Amino acid sequence: MKQLFLGYIFVCVLAFNIGSSSFCADGQALTTDEKVFQAINFDGVKDVLKKDKLEQEVQTTKTVIAKKIDKAVEDNRNKYQIPDIEFWSFFSELWLIKNAQILQWDISSPDYGIELSFKQFLEKFGYYEKPFKILLVNSPNIFHIALPTNGESAILLLSLPFLKALDLSKLEISLLLFEDFIREEFSFFKNYVESNELKALLGTNFLGKDFNKDLFNKHLDKYDQLLFDKGFSFQQQFEVTNKVGAVLKSDMKYWDAYFALIKKIDLIVKENPQYSRYNKIFPSPEFQLGWLKPEKDKKD
Amino acid sequence: MNGMKRKSIIIEIVFIVYFFCNSLFSQTTNSSISSGTMSSNVIVDRVAYYKNMFGNVHQNPLKTSNVLTTLSCGQPIQIIKVLDNSVPNDWEKVKVGPYIGFIKKDFLLDKRPKCFQDSYSKFFDKFNFDIAELYYWAKLYDQYLIDKSGLK
């Protein structure tokens with residue numbers, strides 16, 4: 001009974017205490033949260049928090065999370081990036097894939113040792129650390145060409161029927177590959193295929209935009225146009241022939257071999273109707289012979 | 001009671017023998033399960049990564065030999081240490097999934113390469129390559145005669 005009475009007294013005192021502080025200066029009633037707020041000395045708690053460096057910790061965590069979110073957004077955006085430098089090797093290989101059956105490169109051929117011979121050739125003329133990939137095709141529709149790349153590794157195509165028809169030696173094959181290698185250095189092929197529209201698109205991001213696949217298909221068709229129909233210009237051939245001739249002049253044995261090779265091609269182009277199209281693609285072996293001849297021989 | 005003890009001892013022995021054999025075969029792989037051309041035991045040595053766009057694992061160390069499976073860039077490959085001279089210097093014996101075959105050494109890297117199809121994944125996906133095209137892409141790297149002129 002006594003305990004019950006004491007309990008009653010305690011509750012009354014508590015109610016009086018709360019009641020006394022339940023009104024603001026203007027006489028309005030306070031909510032429970034506000035009452036708790038008043039009861040705690042927040043200035044003191046803030047000091048404790050500062051000393052614990054919890055605020056710094058919260059800030060650091062916020063920064064880390066924000067960075068992670070930014071990175072995730074950036075990573076997602078990067079997935080929609082259209083390659084720039086890396087585009088051309090991809091695109092040339094894409095053309096090879098799409099034209100695998102026309103070009104007939106999926107064939108078994110004996111090891112001719114062409115790559116070793118060409119490697120030694122490049123080294124002889126000071127072309128060091130030049131990676132290359134040679135692809136033999138079993139099609140007479142294409143003769144020899146270097147496809148556009150990002151400069152990382154040249155892609156050189158060689159037609160087996162063409163090599164066999166000309167009965168070329170390893171040195172002659174290397175000379176033919178070298179001519180293509182130089183043509184690729186001039187970027188004639190790439191410049192033909194690349195339109196302003198494509199140039200503007202490379203290196204951009206298509207997140208939230210329509211992807212213009214037709215544009216890429218049109219540019220793949222330009223490979224066909226150049227290789228099977230239009231070919232290179234006289235001016236381009238002149239520049240390539242002059243450059244190859246100038247490089248080979250350091251060793252006349254090789255220059256003579258190049259001259260003899262062009263003569264051989266000129267002959268087959270004139271005699272074999274199957275290869276008459278060569279003149280259209282690489283105009284023309286006859287002119288090349290003229291460009292290569294020294295001035296005094298031309299007068300003779 | 002004695003019979004029960006004997007039974008449990010036999011079961012224990014069976015378990016010990018099983019686990020011993022299991023651990024032994026997880027480290028060494030008998031190459032005869034692959035092509036049947038090799039007879040020596042080989043050990044999984046390290047992990048390497050395929051570096052080209054796509055490629056093939058061959059049954060024998062020859063680019064014209066049968067294709068066991070196709071790889072894409074960045075795929076991890078277990079390199080098998082061959083204890084004899086049965087594999088040419090420019091090839092590696094590898095384990096990819098359930099297959100044991102061969103890949104050209106030049107096509108492998110110790111670190112994961114930066115792959116085109118990862119860097120430009122959405123661009124790459126837009127071309128919707130079918131299986132035939134992926135087959136040709138893998139085949140292309142078998143067909144290439146790859147080399148590089150040396151240093152001065």
Side-chain angles (χ1 to χ4, degrees), chain A residues 75-84 86-87 89-91 93-94 96-101 105-137 150 153-156 158 205-207 211-213 216-217, chain B residues 50-56 58-67 70 72-74 88-91 104-107 109 113-152:
Chain A
D75 285 349
N76 186 49
R77 193 181 145 73
N78 285 343
K79 285 178 187 172
Y80 291 84
Q81 192 71 17
I82 296 172
D84 187 2
E86 289 161 292
F87 174 78
S89 295
F90 162 79
F91 206 53
E93 285 192 349
L94 178 61
L96 288 173
I97 302 307
K98 299 265 182 201
N99 290 280
Q101 287 179 349
W105 52 256
D106 187 12
I107 46 154
S108 306
S109 56
D111 183 8
Y112 296 107
I114 296 171
E115 66 274 34
L116 182 65
S117 163
F118 185 55
K119 178 191 163 188
Q120 289 165 350
F121 183 94
L122 287 175
E123 288 166 2
K124 169 151 184 63
F125 290 98
Y127 287 80
Y128 299 106
E129 287 198 85
K130 300 284 181 192
F132 59 85
K133 297 182 257 192
I134 301 168
L135 186 66
L136 298 174
V137 301
N150 52 19
S153 180
I155 301 175
L156 302 153
L158 267 181
N205 197 289
F206 69 98
L207 179 63
F211 182 78
N212 191 354
K213 197 181 167 187
F216 292 98
N217 289 335
Chain B
Y50 189 72
K51 74 168 189 181
N52 298 324
M53 192 82 89
F54 294 99
N56 291 323
H58 290 277
Q59 194 170 6
N60 295 307
L62 272 174
K63 64 180 188 177
T64 49
S65 86
N66 284 347
V67 173
T70 298
S72 63
C73 180
N89 282 339
D90 53 341
W91 287 80
K104 282 205 100 178
K105 240 179 207 172
D106 292 344
F107 295 171
L109 288 175
K114 199 180 165 213
C115 300
F116 185 92
Q117 55 264 60
D118 294 339
S119 303
Y120 306 101
S121 54
K122 295 287 178 188
F123 172 76
F124 191 82
D125 290 348
K126 288 286 175 189
F127 289 91
N128 297 324
F129 295 114
D130 59 33
I131 289 174
E133 286 168 330
L134 296 181
Y135 161 83
Y136 277 124
W137 217 311
K139 197 79 186 160
L140 186 63
Y141 280 86
D142 284 334
Q143 295 298 103
Y144 275 143
L145 306 170
I146 302 174
D147 217 326
K148 181 184 179 179
S149 59
L151 285 163
K152 194 175 181 180

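Here is the naming used below: chain letters follow the sequence lines, and residue numbers restart at 1 for every chain. This one's a predicted model, so the numbers in the text were calculated from it and none came from an experiment.
Between the side chain of K51(B) and the main chain of D106(B), a donor-acceptor pair closer than 3.5 Å is present.
Residue F121(A): no heavy atom, backbone or side chain, is found under 4.5 Å from chain B. For Y80(A), the parts lying under 4.5 angstrom from a heavy atom of chain B are both the backbone and the side chain. Contact annotation for K130(A): both backbone and side-chain heavy atoms come within less than 4.5 Å of a heavy atom of chain B. Heavy atoms closer than 4.5 Å to chain A are found in the side chain of F124(B), but not in its backbone. Heavy-atom distances place the side chain of T64(B), and not its backbone, under 4.5 Å from chain A. Looking at F118(A), there are no atoms closer than 4.5 Å to chain B (heavy atoms on both sides), in backbone or side chain. Looking at I82(A), the atoms closer than 4.5 Å to chain B (heavy atoms on both sides) sit in the backbone and in the side chain alike.
Listed options L94(A), N78(A), L207(A), L136(A) were ranked by heavy-atom pairs under 4.5 angstrom with chain B; first place goes to L94(A). Chain B forms more heavy-atom pairs under 4.5 Å with one residue of Q81(A), K133(A), E123(A), K119(A) than with any other, namely K133(A). Between chain A and the options F116(B), Y141(B), Y120(B), the largest number of non-hydrogen pairs under 4.5 Å is found for Y120(B). Interface check for chain A: of the options F129(B), Y136(B), Y135(B), the most heavy-atom pairs under 4.5 Å are formed by Y136(B). Heavy-atom pairs under 4.5 Å with chain B peak, among K98(A), E93(A), Q120(A), at E93(A). Between chain A and the options K63(B), K126(B), M53(B), heavy-atom pairs under 4.5 Å are most frequent for K126(B).
For F123(B) and F127(B), the gap between ring centers is short of 6.0 Å. Checked against the 6.0 Å centroid criterion, the rings of W137(B) and F90(A) qualify as a close aromatic pair. For an aromatic pair to be called close, the ring centres must be under 6.0 Å apart, and F132(A) with Y127(A) fails this.
Under the 30°/60° scheme for interplanar angles, the aromatic rings of F87(A) and F216(A) are found to be tilted.
In this structure, S153(A) and S89(A) have side chains that are not in contact, with every pair of non-hydrogen atoms separated by 4.5 Å or more.
Heavy-atom neighbours of D75(A) CG from other residues, nucleotides or ligands within 6.0 Å: above the threshold of 12. The environment of NZ in K114(B) is sparse: at most 12 heavy-atom neighbours from other residues, nucleotides or ligands sit within 6.0 Å.
The heavy-atom pair separating G74(B) from C115(B) by the smallest distance is N-SG, 3.4 Å.
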